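Report on one structure; see the data block that follows.
Quantities reported herein were computed from a predicted structural model and do not represent experimental measurements. Order of the sequence lines sets the chain letters (A, B, ...), proteins ahead of strands, with each chain counted from 1.
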2 protein chains.
Amino acid sequence: MAKLRNLSIACLAMGSMVVSALAEGPGEFVTLGTQGGPLANATRSQPANALVLEDGVYLVDVGDGAAGRLAAAGIPLQRLKGVFISHLHFDHTGGLAAILGLRFQLNAPGVLTVYGPPGTEEMVAGLVASMQPGAEAGYGVPGEQKPDPAAMVSVVEIRDGAKIEVEDFTVTAAENSHYSFPKGTELDQRFDSLSFRFDLPERSIVYTGDTGPSENVEKLAKGADLLVSEMIDLEQTIGAVKRANPNLPEKALTDMARHLSEHHLTPYDVGQLAHRAHVKNLVVTHLATGAAGAIDTAPYAAEIGTVFKGRVTIAEDLDRF
Amino acid sequence: MAKLRNLSIACLAMGSMVVSALAEGPGEFVTLGTQGGPLANATRSQPANALVLEDGVYLVDVGDGAAGRLAAAGIPLQRLKGVFISHLHFDHTGGLAAILGLRFQLNAPGVLTVYGPPGTEEMVAGLVASMQPGAEAGYGVPGEQKPDPAAMVSVVEIRDGAKIEVEDFTVTAAENSHYSFPKGTELDQRFDSLSFRFDLPERSIVYTGDTGPSENVEKLAKGADLLVSEMIDLEQTIGAVKRANPNLPEKALTDMARHLSEHHLTPYDVGQLAHRAHVKNLVVTHLATGAAGAIDTAPYAAEIGTVFKGRVTIAEDLDRF
C-alpha cells in the first residue's frame, strides 16, 4: 500500500516540475487555440484560452487539445483551478474530458470548478460517468488508493446577468446572440450562449465567446482594457461551401450567409463592437475562415482598423496578452 | 427548414475539402502523438495514432488533441471509421469526447465504431450522455434537424484472444502486462490492457499499447512487418521523481522503479521484444521520459540496437510508417 500512495505523490510532484514559461505578471490572457471549430485546422487549435493569475489558472473555453496547449504554453495542469465555458458547442468543450482524466491520473490537488451555461452540469455528469471504468481500473495494481472522479470537479451554472466572485476577481456573464431561439420558446428558456467579463484587480478582460452583433455584449464590454473577440470571414466561408457544393441553390447560400452573419461577427462587426464599447485593446481569435491550413490575417486587422482606432491583434495560438 | 438541412450538408462538404496530405499508399501507420501520459509535454502530444487505409481511417488510441493531430496530418475527420482503444488510462482516451463532438457538429457520415477492452461501453455511454445538452441546443436555430449522438457511435468490447474482421483486415487482441491485478481477482476479471495486431492485405502491424515485458505480446508480434512499441526511460523518470521529492525514502523509489519496470518497457526490453518476435521494423512511441520539453532520443535507439538488429525509429509526432 505504501508504495501505491507514493506513486500518487510522485505523479503529483512530477506534474509540478513542469516549469512555467510565463514571463509576465498575473492577469495574463493566453490564446491557447485560435481556430473557430468545428473544422479542425492544421495550424491552429480549437477554441481554448487560459486566464493566468498569481494563484492559479482558469481555462476560458476548452476545445480539443486544451491540455496539450497548456503544456505547450508552459502551464502545469496542476495550476488549473477552474474552467469557464461560453456555450455548449463541442468545439468549445471537447477538451474537458482529457482535462478531467489527466487531473485524475496525476491526482491533481483541489476541486476543479466548471462555470458554464445551463446544460453544463449534465455535460460534466456524463464526463464523470464516462470516467468510472478507467477510475476503477486505476494504474492496474492491487490495493491502489484511487481518487473519486466526481469529487475532483464541481459545477456552477450561470446565466445572463450573473455576477460571481471567484478568488479576488469578478466574472459577469451576458447572453449573446450566438443562439437565436425565438424568445420564450422552450429552447430559449433552456439554453444561453454567454460572453464573459473578468474584472481582475489590475485590468478588465471581456471574452465574447461566439456571438453575432449584440447590444448586450457591447454593454458588457464597455471600457474594458482588453476585448477578446470571435470573428468569421463570411466571404471565405461561403466561398468554401460554394466550391464544395457547386449545385447548392443560390437561395440556400444566401440563407446560410444570413444565418452565419447573425451568429458570428465579421471583421467590420468586430471593429464596431470594439469602437462602440470604447475598449482599449482588441484581440481577435476563433478565426472561422473555412481554411484547412495557415492564412494571411493582415486584411482582417486592416478592415477592423477602418472602424476601431485602438490596438488590434489577430491572435496566434499561445499568444499572451 | 431547407436552409438548416443545407447547413449540415455544407458543414459536411467543408470537412471533406480538407486536403489529405498522404503521400504514400494505404496501410500507413501515423504516430499522431508520441508522448507517454499523463504528464502533458510541450513538444509531443498524448498517445494517439492513425491507421490510414484506402477506404477509411482508424485511430489507435485517442489521447487529448487527437482531432487536432488528425488535421495536422492532413486527415479529414470525415474519413474516420473506427477507434481502437488499448486500455482505459485517460492519456489514451481523453481525445475521444472531442472526436464524437466534432463528428456531431460536422454531421459526419456513418457510425463510428469504438473497439476497446471491457469498460469501453460504459465510457462511451457516459460521453454520449455528456453530449445531450449540446446536441439539444444544436446550432441554436429553431427547427434545426439534429443528429442523435447515440446513433453516431457503436462499441465492440474485446478481450484477450479476440480476432475480429474489420473491412478487409483482421485485428487480433492480446492481454499484456500493463495491468497486474492478481489472477482471478474481481479487477482482473473485469479489466484487460490490450495489445493489437493488424493483419492488413499488404502488411502486418503490431501495436503494444502500454505493456511491461509479456510473452503474450511477443507471441502476438511474431514476424510482424512493423512493431510499434511503447517505451519508458526508467532512470530519467525515477530521477525526476527523486529531484521533485528529495525526502522520498530510498525504498519507495525502489518499489516504484519495480512497479514501473513491470508495467512498461525499458529500451532494452523493447529491443528484446523486437528481437524475440523477429519483427522486420521497429517504431518506438509513447515516450515516458519525465521530460516537460524536447529530449535527445538517439541514446534510446542505440540501446535498443544492442539487442535488435532490424531498423529502429524513435517516432516523432506526425511521422508516417
Side chain to side chain, A:L102 and B:Q46, heavy atoms closer than 4.5 Å: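 Sidechains of B:Q46 and A:L102: in contact.
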Any side-chain heavy-atom pair of A:F90 and B:R103 under 4.5 Å: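 They are not in side-chain contact.
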A:D64 side-chain N/O to B:G68 backbone N/O, donor-acceptor pair under 3.5 Å: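 Pair found, side chain donor or acceptor close to backbone of B:G68.
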Under 4.5 Å, counting heavy-atom pairs only, tell me which of [options] racks up the most with chain A.
options: B:Q132, B:H263, B:E136, B:R69; value: B:E136
options: B:S45, B:G138, B:G37; value: B:G138
options: B:T254, B:T43, B:L127; value: B:L127
options: B:A129, B:G63, B:A67, B:A291; value: B:A67

Heavy-atom closest pair, residues A:F181 and B:A137: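 Taking every non-hydrogen atom into account, CZ-O, 3.3 Å.
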Nearest heavy-atom neighbours spanning B:A97 and A:G94: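 Reported closest heavy-atom pair: CB-O, 4.0 Å.
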Interchain contact, B:R190 with chain A, by part (heavy-atom threshold 4.5 Å):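 Contact with chain A: side chain only.
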Is it the backbone or the side chain of [X] that comes under 4.5 Å from a heavy atom of chain B, or both, or neither?
X: A:E122; result: both
X: A:H178; result: backbone
X: A:N41; result: backbone
X: A:S180; result: both

B:K242 atom NZ: more than 12 heavy-atom contacts under 6.0 Å: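 For B:K242, atom NZ is not crowded (no more than 12 foreign heavy atoms under 6.0 Å).
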Distance in Å, A:L260 CG paired with B:Y139 OH, rounded so as to fall on 0.5 Å steps: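 So the CG of A:L260 and the OH of B:Y139 are separated by 9.0 Å.
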Identified side chain to side chain contact (heavy atoms under 4.5 Å, CB included) counterpart of B:P133 within the set A:T120, A:T93, A:L88: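 Among A:T120, A:T93, A:L88, the one that satisfies the side chain to side chain contact (heavy atoms under 4.5 Å, CB included) with B:P133 is A:L88.
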Selection from A:S193, A:A135, A:P117, A:G119 maximising heavy-atom pairs under 4.5 Å formed with chain B: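 With the most close heavy-atom pairs to chain B, the winner is A:G119.
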